[in-house]
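Structure first, commentary second.
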Amino acid sequence: MLRAIRILALLLVVLLGGVWATAWFGRAPDESVADSFLRHLAKMTGADMPAPSPGGVQLAQGVALGGPFTLVDQTGRTVTERDFAGKPLLVYFGFTYCPDVCPTELGTIAAALDAMGPAGERVTPVFISIDPERDTPAAMADYVSRFHPRMVGLTGSAEQVAQAARAYRVYYAKVQPRDSTDYLMDHSSFIYFVGPDGRVRSLFRPETTPEAIAAAVNAQLRAL
């Protein structure tokens, strides 16, 4: 029995050592080894892969997304999660220089709100920048106005953006194309439905149709 325990302990040490090595060499820019280790460990355990459900992705039991943040809106006003208390949200993380994915997903949010009819007025669309270096409040104001008149654009310092991204487990990293002087941002691309309590109730994969999002969010609103 003791020998079996020792063997299991040795295997566990070897496994964790392998994960740590993978985390060291596979970490994103500006990501600590510890954060990279936890991210890779979550992949192994499936904690970052919620089970699919109709109309989006249902969060796995015990997985919580969302939380406290301090950011700056497109008018230059400092806001926190408390400013959105009691309001259902559709949240997307991206950047204004995004060539295709971000405009597509923000357009999907706007179309989903329109498809919801009167119930769509209850939901606030929110776009959070992961490129604070270029996405000033003025840039955000111009950008979000192109998608929906009620869309809120949030940016902030690098530290503030990182805090918000961690709360929602958003991956992002600066990428420098070889044939361009301008950088791009690599990032995860989920649309989050946030309940009035500030916690994510469900999320939607890229290219989910506006109709599917509208149906799922309407169902969530009826359940509140």
Side-chain angles (χ1 to χ4, degrees), residues 20 22-43 47-48 59 63-87 89-99 101-103 105-106 109 124-145 147 151-177 180-200 203:
W20 186 266
T22 302
W24 177 271
F25 291 105
R27 56 183 171 155
D30 299 325
E31 184 181 38
S32 70
V33 178
D35 286 343
S36 179
F37 176 78
L38 292 175
R39 177 165 58 83
H40 282 83
L41 193 61
K43 287 183 179 180
D48 69 333
L59 296 181
V63 175
L65 299 179
F69 63 80
T70 300
L71 293 166
V72 179
D73 71 11
Q74 71 264 40
T75 69
R77 183 174 68 96
T78 297
V79 298
T80 72
E81 76 287 350
R82 292 187 294 274
D83 290 279
F84 299 96
K87 301 176 183 177
L89 312 173
L90 277 173
V91 178
Y92 184 77
F93 287 77
F95 63 114
T96 63
Y97 282 71
C98 184
V101 176
C102 301
E105 296 304 308
L106 292 177
I109 290 177
T124 300
V126 179
F127 175 57
I128 302 179
S129 172
I130 44 85
D131 183 18
E133 184 176 334
R134 294 181 296 192
D135 289 345
T136 63
M140 294 292 280
D142 175 68
Y143 192 72
V144 298
S145 67
F147 297 97
M151 184 170 287
V152 177
L154 299 179
T155 185
S157 67
E159 293 76 14
Q160 289 172 329
V161 167
Q163 178 191 14
R166 280 194 298 270
Y168 285 82
R169 298 193 184 183
V170 173
Y171 160 78
Y172 66 98
K174 186 183 292 187
V175 177
Q176 182 65 59
S180 175
T181 56
D182 291 328
Y183 65 85
L184 294 174
M185 298 296 294
D186 184 24
H187 62 96
S188 52
S189 183
F190 284 97
I191 295 172
Y192 301 81
F193 175 66
V194 182
D197 58 355
R199 292 296 177 179
V200 174
L203 53 140

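Note that CE of M185 is 7.0 Å distant from CZ of F95, once rounded to the nearest 0.5 Å. Summarising the geometry, atom CD1 belonging to I109 is positioned 12.0 Å from atom CZ belonging to F193; distances are rounded to the nearest 0.5 Å. Distance check, rounded to the nearest 0.5 Å: CD1 of I128 to CE of M140 gives 8.5 Å. A distance of 12.0 Å separates CZ of R169 from CZ of F190, quoted to the nearest 0.5 Å. Separation of atoms SG (C102) and CD1 (I130) is listed at 6.5 Å; rounding is to 0.5 Å. Here the CG-OG distance, from L203 to S189, works out to 11.0 Å after rounding to the nearest 0.5 Å.
A pairwise comparison of heavy atoms in E133 and K174 identifies OE1-NZ, 3.1 Å as the closest pair. For A158 against P132, the heavy-atom pair with the smallest separation is CA-CG, 3.9 Å. When all heavy atoms of D182 and Q176 are compared, the pair lying nearest together is O-NE2, 3.4 Å. In this structure, M151 and Q74 approach most closely via the heavy-atom pair O-NE2, 3.3 Å. For the pair Q163 and T70, the tightest heavy-atom approach, listed with the atom from each and the gap, is OE1-N, 3.9 Å. For the residue pair V144 and G153, the shortest heavy atom distance occurs at CG1-CA, 3.8 Å.
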L154 and F84: CA distance, side-chain angles, deciding distance, side chain to side chain contact (heavy atoms under 4.5 Å, CB included) verdict: CA-CA 12 Å; L154 299 179; F84 299 96; 4.2 Å; yes

Stepwise side-chain hydrogen bond (donor to acceptor under 3.5 Å, both in side chains) check, Y183 with D131: CA-CA 10 Å; Y183 65 85; D131 183 18; 2.6 Å; yes

Verdict with supporting geometry, Y97 and R134, side chain to side chain contact (heavy atoms under 4.5 Å, CB included): CA-CA 8 Å; Y97 282 71; R134 294 181 296 192; 3.7 Å; yes

Verdict with supporting geometry, Y92 and V101, side chain to side chain contact (heavy atoms under 4.5 Å, CB included): CA-CA 11 Å; Y92 184 77; V101 176; 3.5 Å; yes

Worked check of side chain to side chain contact (heavy atoms under 4.5 Å, CB included) between V79 and V72: CA-CA 6 Å; V79 298; V72 179; over 6 Å; no

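Under the side chain to side chain contact (heavy atoms under 4.5 Å, CB included) test applied with V152, the options T124, T75, L89 reduce to a single match, T124.
Looking at S145, its side chain does come within 3.5 Å of a backbone N or O of D142 through a donor-acceptor pair. Under the 3.5 Å distance criterion, the side-chain polar atoms of E81 are matched with a main-chain donor or acceptor of F69.
With contacts defined as side-chain heavy-atom distances shorter than 4.5 Å, the pair L90/Y192 does not qualify.
Checked against the 6.0 Å centroid threshold, Y172 and F93 do not count as a close aromatic pair. Under the 6.0 Å cut-off for aromatic ring centres, Y143 and F127 qualify, their centroids lying closer than that.
Contact check on D83 versus R77 returns a salt bridge, with a Lys/Arg side-chain nitrogen under 4.0 Å from an Asp/Glu carboxylate oxygen.
Under a cut-off of 6.0 angstrom, the local environment of CZ in R82 is sparse, with at most 12 non-hydrogen atoms contributed by other residues, nucleotides or ligands.
Looking only at atom types and distance, the side chain of T155 has no donor-acceptor partner in the side chain of D135 under 3.5 Å away.
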